[in-house]
Amino acid sequence: MTASATPRPARYWLMKSEPEECSIDDALAAPNATVPWTGVRNYQARNFMRDDMQVGDGVLFYHSSCPEPGIAGLARVASGTRTDPTQFDPASPYYDPKSPADKPRWLLLDVQAQRKTRVVGLAELREHPDLAQMRVLQRGNRLSITPVEPVEWAAIMEMLG
DNA sequence: GCCAACGTTGGC
DNA sequence: GCCAACGTTGGC
């Protein structure tokens with residue numbers, strides 16, 4: 001008899017992307033609306049991908065470093081991790097000459113865009129009491145991937161209607 | 001363009 | 001292992 005793995009409850013994440021590089025529109029226009037999440041160069045964010053994110057997890061697609069920063073769409077984790085090839089590409093802005101070819105430092109996973117939303121900006125997010133602890137709203141937050149609590153996800157779904 | 005916050009680097 | 005210097009992020 002085979003032990004059937006009990007799927008863990010869905011988790012939720014916020015992933016930042018500069019829309020000039022890959023906007024929610026760009027992701028939706030990609031084949032199968034799926035894009036490889038290249039360029040993560042922070043160990044904590046990498047470890048989230050490697051250790052905690054699973055196919056099917058919900059993703060808030062966040063636009064950063066742009067005129068209207070905020071949540072701009074919904075997506076899902078669409079693959080497990082694999083080597084991020086941009087770390088070995090000298091022409092890439094994400095090139096990491098210190099990453100050993102036989103032991104790559106950096107990983108990526110696929111993200112499948114589901115839909116574009118209205119932009120929910122930081123000011124609006126800060127108004128919601130359930131979001132007071134949200135990682136992306138904390139002072140000095142710089143992580144490009146952060147966990148989102150179920151209560152926070154629910155509040156944002158409600159804001160989106 | 002400013003600047004606060006944070007992670008990384010590297011000398012010691 | 002400490003910690004100052006430096007580079008990057010990212011909202012404003």
Side-chain angles (χ1 to χ4, degrees), chain A residues 11-30 35-53 57-77 81-149 151-161:
Chain A
R11 288 183 191 165
Y12 305 101
W13 307 92
L14 180 144
M15 301 179 79
K16 293 182 187 175
S17 182
E18 299 187 15
E20 284 198 3
E21 186 173 359
C22 181
S23 69
I24 183 68
D25 288 320
D26 295 332
L28 284 166
V35 290
W37 207 263
T38 57
V40 172
R41 295 293 181 268
N42 170 283
Y43 288 105
Q44 202 177 342
R46 180 203 67 184
N47 294 348
F48 282 141
M49 292 198 291
R50 186 188 63 194
D51 302 334
D52 299 315
M53 297 172 80
D57 284 357
V59 172
L60 301 172
F61 197 110
Y62 180 94
H63 283 176
S64 67
S65 298
C66 61
E68 204 180 0
I71 294 162
L74 300 177
R76 64 189 283 277
V77 175
T81 50
R82 62 182 182 276
T83 299
D84 179 349
T86 64
Q87 70 197 300
F88 300 124
D89 178 3
S92 168
Y94 301 124
Y95 180 52
D96 181 358
K98 294 180 186 168
S99 181
D102 58 345
K103 202 179 171 196
R105 282 184 185 180
W106 306 115
L107 303 170
L108 58 72
L109 48 68
D110 289 329
V111 173
Q112 182 176 40
Q114 294 180 298
R115 70 178 175 96
K116 187 176 184 173
T117 65
R118 71 181 178 86
V119 175
V120 184
L122 294 172
E124 184 179 354
L125 292 171
R126 288 186 213 283
E127 286 173 7
H128 198 298
D130 287 348
L131 301 182
Q133 305 304 316
M134 196 172 176
R135 294 281 291 268
V136 76
L137 301 182
Q138 301 313 306
R139 177 182 178 78
N141 158 74
R142 280 171 46 186
L143 262 188
S144 64
I145 301 175
T146 50
V148 173
E149 296 303 315
V151 65
E152 296 167 344
W153 179 269
I156 289 160
M157 292 308 109
E158 192 166 348
M159 293 166 86
L160 290 171

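Computed over heavy atoms, backbone and side chain alike; hydrogens, waters and symmetry mates excluded. In the text below, chain A, chain B and the rest are named by the order of the sequence lines, each starting its count at 1.
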Side chain of K98(A) (C-beta onward), nearest among dT9(B), dG7(B), dG10(C): dT9(B)

Distance, rounded to the nearest Å, where L122(A) contributes CG and dG11(C) contributes P: 6 Å

Whole-Å distance separating the CG atom of N141(A) from the C1' atom of dC3(B): 17 Å

Nearest-Å distance for atom pair CD/P, residues Q44(A) and dT9(C): 16 Å

Atom-pair distance (CE on M134(A); C1' on dG11(C)), nearest Å: 16 Å

Salt-bridge contact D96(A)-R105(A) (side-chain N to carboxylate O under 4.0 Å): yes

dT8(C) OP1/OP2 closer than 4.0 Å to side-chain N/O of Y94(A): no

Geometric class of the W13(A)/F48(A) ring pair [parallel <30°, tilted 30-60°, perpendicular >60°]: tilted

Whole angstrom value for the distance that separates P of dG10(C) from CG of L14(A): 11 Å

Spacing between E20(A) atom CD and dT9(C) atom P, to the nearest angstrom: 14 Å

Length of the line joining Y43(A):OH and dT8(B):P, which is rounded to integer Å: 7 Å

K16(A) side-chain N/O to dG10(C) phosphate OP1/OP2 under 4.0 Å: yes

Nearest-angstrom distance from the residue atom CG of L143(A) to C1' of dT9(C): 11 Å

Pair Y43(A) and W106(A), ring centroids less than 6.0 Å apart: yes

Contacts of Y62(A) that satisfy ring pair (Phe, Tyr, Trp, His ring centres under 6.0 Å) - sequence neighbours left out: none

